[in-house]
Colleague: 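Dropping the structure in here first, questions after.
Every number for a ligand or one of its atoms is a count from 1 in the order of the listing. If you're wondering where the values come from, they're calculated on a predicted model, not measured in any experiment. Values below: all heavy atoms of this structure, side chains included; hydrogens, waters and symmetry mates excluded.
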Amino acid sequence: MDIPQPLYSAESVRELDRRTIAALRIPSISLMKRAGRAAFTQLLARWPEAGRLQVFCGGGNNGGDGYVIAALAAERQIPVTVYACVEPQKLSGDAAEAFRYAGQEGVQVVTSLAELDSADANTVIVDALLGTGFSGAVREHMAQAIERINRAPAPVLAVDMPSGVEADSGFAETAVQADVTVTFIGRKFGLFCGRGAALSGEVVFAGLGAPDSVYRDEQPLAQRYGAASVPRLPRRPADAYKNQFGHVLVVGGDRGFGGAAMMAAESAARTGAGLVSLATRPEHLPAALTRCPEVMARPVISGQELEPLLDSPSVVAVGPGLGREPWGEQLLARAARADVPVVLDADALNILAGGRVLAGHRRDDWVLTPHVGEAARLLGWETNEVLADPRTAAQAIQQKFSGVVILKGAGTLIAHEGGVDLINSGNPGMASGGMGDLLTGIVAALIGQHMPLPKAARLAVWLHGEAGNRAAADGQRGLLATDLLPWVRKLVD
Ligand SMILES: NC(=O)C1=CN([C@@H]2O[C@H](COP(=O)(O)OP(=O)(O)OC[C@H]3O[C@@H](n4cnc5c(N)ncnc54)[C@H](O)[C@@H]3O)[C@@H](O)[C@H]2O)[C@H](O)CC1
Ligand SMILES: [K+]
């Protein structure tokens, strides 16, 4: 199994930069030339037929990387034009030296967009406007350059970061849409989270020869897990019997929302839970039995009737279709006090956020699975504050309620005592009702199969997204949550 990839802040990467220069005993301009060469190599590998380059350069070292790329292209007689978004005489340090290098190679530099002829299909655009030094709202002049890049019918290679994406959060308003981003020395967190996950395109990491020693004790913002690094369930012994694989109790399905609870229950069964029970409104029982007779459906019309059902399960999932009426509140009040791990989702989170039930309640052994809106309610924040910095939001929820928090989004975050994990999986076809219910069932079933909560969360998020990707192979639109179930079963082994 691979190790997860560390994702760093801009500040950390600047420190890694400094340590690399010291460790390799090279001048910083050499590191810039290595960066430029790494990006240029990627460009030629991807677009060997590139007829010409247009390099958009900013006023800092990201721009400096761009000038190095332009010089390398000119050395190979590849037609190249640089658009200097910041007047070259304002450049300083390594960026100024890189500009001189480009000039020595005869690179044409224009300082207004009007002088830049329009890109065509055999142009490749290099975005070297803004990198890890970007902060705040993109200033007008730069915004025009970004819009020019995004309107062009040419592929875009972003240097280090797509310009306009914040390295520490992935937040972006005006930003470059890149096909490829070549990022140096440390993968920036913002390349894999929020809008940054979509804007970065394919991310290629270039270590620039940094020795392993420079990374020691530099704390990443998150660890990124993928297919090769997510924890997996152990193989089942030949003499296995069902009690070894947990008993999941799903609590939910108020009037009109019975399907949500049933999907969570079936999803738990398809993830390998030994037994699955469903506590729901009596009117849903016939449908539940028809849909999945393997699930033991039990009628509950008040909290009291839930009590005896809490004795036998090894994990409780409460929230799918729970609603926010007294019925749901009574069930949550009891389910959240079960003496086995609990997974809270959907309306259980909204009731918890309301504070009328379980006020101040914390547990180390529960998993909260909010989407952005539910996270905002749990924190009393505005939704766009969560979108502006989802990692901080996930950590704030974890500190407030303890346990493990799965903040679903583009780049799902998992906050736990040990830090923050990030998993990129899934696709826009999964933006449909019921997908969250499936994840709840998967998390519960993995906990029931004795995975520690953070590991269960990592595998569940990956499994859920990967099942969504497989199920969407023949189209994302019209993808239904239950389409994922066969894939959950195939992938969990
Ligand atoms: N190890 C590495 O990551 C390496 C990184 N290199 C490159 O250096 C940049 C970081 O360079 P820095 O000079 O610190 O910052 P930037 O060039 O990214 O940007 C600063 C530049 O941008 C202007 N600016 C900042 N915010 C805004 C805004 N909101 N609107 C408009 N303009 C803005 C600011 O005024 C400066 O002019 C890193 O990304 C790499 O590409 C090294 O070259 C190689 C190793
Ligand atoms: K850039």
Colleague: Applying the side chain to side chain contact (heavy atoms under 4.5 Å, CB included) criterion to V159, which one of D127, I69, V55 satisfies it?
Modeller: I69
Colleague: Suppose you place the vertex at the K ion (ligand 2); what is the angle out to L130 O and N62 OD1, to 10°?
Modeller: 70°
Colleague: Consider every N or O of G131 and every N or O of ligand 1, then say whether any pair is closer than 3.5 Å.
Modeller: yes
Colleague: Can you tell me, to 10 degrees, how wide the angle at the K ion (ligand 2) is between O on V159 and OG on S163?
Modeller: 170°
Colleague: Give a yes or no on whether a salt bridge exists between D160 and K188, defined as a side-chain N under 4.0 angstrom from a carboxylate O.
Modeller: yes
Colleague: Hey, does G64 sit under 4.0 Å from ligand 1 if you only count heavy atoms?
Modeller: no
Colleague: Decide whether an N or O pair under 3.5 Å exists between R14 and ligand 1.
Modeller: no
Colleague: Taking non-hydrogen atoms only, is T132 closer than 4.0 angstrom to ligand 1 via side chain, backbone, both or neither?
Modeller: both
Colleague: Does even one non-hydrogen atom of S135 get within less than 4.0 Å of ligand 1?
Modeller: yes
Colleague: For ligand 1, find out whether one of its N or O atoms is nearer than 3.5 Å to an N or O atom of M142.
Modeller: no
Colleague: Determine whether the side chain, the backbone, both or neither of D65 has a heavy atom under 4.0 Å from any heavy atom of ligand 1.
Modeller: side chain
Colleague: With salt bridge (charged side-chain N to carboxylate O under 4.0 Å, His left out) as the criterion, how do R18 and E11 come out once you've worked through the C-alpha distance, each side chain's angles and the decisive distance to 0.1 Å?
Modeller: CA-CA 11 Å; R18 285 188 285 271; E11 185 45 46; 3.3 Å; yes
Colleague: Looking only at N, O or S atoms, which one in D127 sits nearest to the K ion (ligand 2)?
Modeller: O
Colleague: Under a 4.0 Å threshold between the charged nitrogen and the carboxylate oxygen, would D217 count as salt-bridged to R19?
Modeller: yes
Colleague: Below 3.5 Å, N or O to N or O, backbone or side chain included: is there any such pair between G133 and ligand 1?
Modeller: yes
Colleague: Is the shortest distance from a heavy atom of E15 to ligand 1 less than 4.0 Å?
Modeller: no
Colleague: Determine whether the side chains of S402 and D364 contain a donor N or O and an acceptor N or O closer than 3.5 Å.
Modeller: yes
